[in-house]
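What follows is one structure encoded as structure tokens, with my remarks underneath.
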Amino acid sequence: MTEFNTGYPSVRRIQSLVKAKGEVEIKLTTSDVLIGRILWQDPFCLCVVDRSSAQQFMVSRQAIAYIKA
């Protein structure tokens, strides 16, 4: 089982985005772009609610090219 290490700057940065409830742009390695809010994170995925459809997506961390706040 993988430990969720909150000592990593990327984990802390995403957690600050969750708390701020701000909008982010997430570009995937497939070149798709999600714009919305990050609801939560775990060691493997982020849960994002899409701005336009209000649908929730679980995004694998490995599929993320970048996150822009």
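FYI, the numbering just counts along the sequence from 1.
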Begin from the C-alpha positions of Glu25 and Val33 and carry the test side chain to side chain contact (heavy atoms under 4.5 Å, CB included) through to its verdict. CA-CA 7 Å; Glu25 175 183 304; Val33 176; 3.5 Å; yes
Is there a side chain to side chain contact (heavy atoms under 4.5 Å, CB included) between Phe44 and Gln62? Walk through the geometry before answering. CA-CA 8 Å; Phe44 309 106; Gln62 293 178 343; over 6 Å; no
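Without hydrogens or angle criteria, Arg51 side chain to Val24 main chain gives no donor-acceptor distance under 3.5 Å. When atom types are taken as modelled, the side chain of Ser53 and the backbone of Asp50 share no donor-acceptor pair closer than 3.5 angstrom. Gln41 contributes a side-chain N or O that, together with a main-chain N or O of Val11, makes up a donor-acceptor pair within less than 3.5 Å.
Minimum heavy-atom separation, Arg61 to Ile14: NH1-CD1, 3.9 Å. The shortest non-hydrogen separation linking Gln56 to Cys47 is OE1-SG, 3.7 Å. Nearest heavy-atom pair, Ser60 versus Cys45, reported as atom, atom and distance to 0.1 Å: CA-SG, 4.3 Å.
Note that NZ of Lys27 and CG of Asp32 are 9.0 Å apart. Values are rounded to the nearest 0.5 Å. For the atom pair CD of Gln15 and OG1 of Thr6, the computed distance is 9.0 Å after rounding to the nearest 0.5 Å. One finds the CZ atom of Phe57 at 10.0 Å from the CG atom of Leu28 (value rounded to the nearest 0.5 Å). Atom CD1 in Ile35 sits 10.0 Å away from atom CD1 in Ile26 (nearest 0.5 Å). The NZ atom of Lys21 sits 14.0 Å away from atom CD1 of Ile38, with the distance rounded to the nearest 0.5 Å. A distance of 12.0 Å separates CG of Leu39 from CG of Leu17, quoted to the nearest 0.5 Å.
Salt bridge absent: Arg37 and Glu23 never bring a charged side-chain N and a carboxylate O closer than 4.0 Å.
Remark: Tyr8 OH is loosely packed, at most 12 non-hydrogen atoms of other residues, nucleotides or ligands lying under 6.0 Å away.
Hydrophobic clustering keeps Val49 apart from Val18 (ILVMFWY residues linked when any side-chain heavy atoms are closer than 4.5 Å, directly or through intermediates).
Ser10 is not listed as a side-chain neighbour of Arg13, based on a closest heavy-atom distance of 4.5 Å or more.
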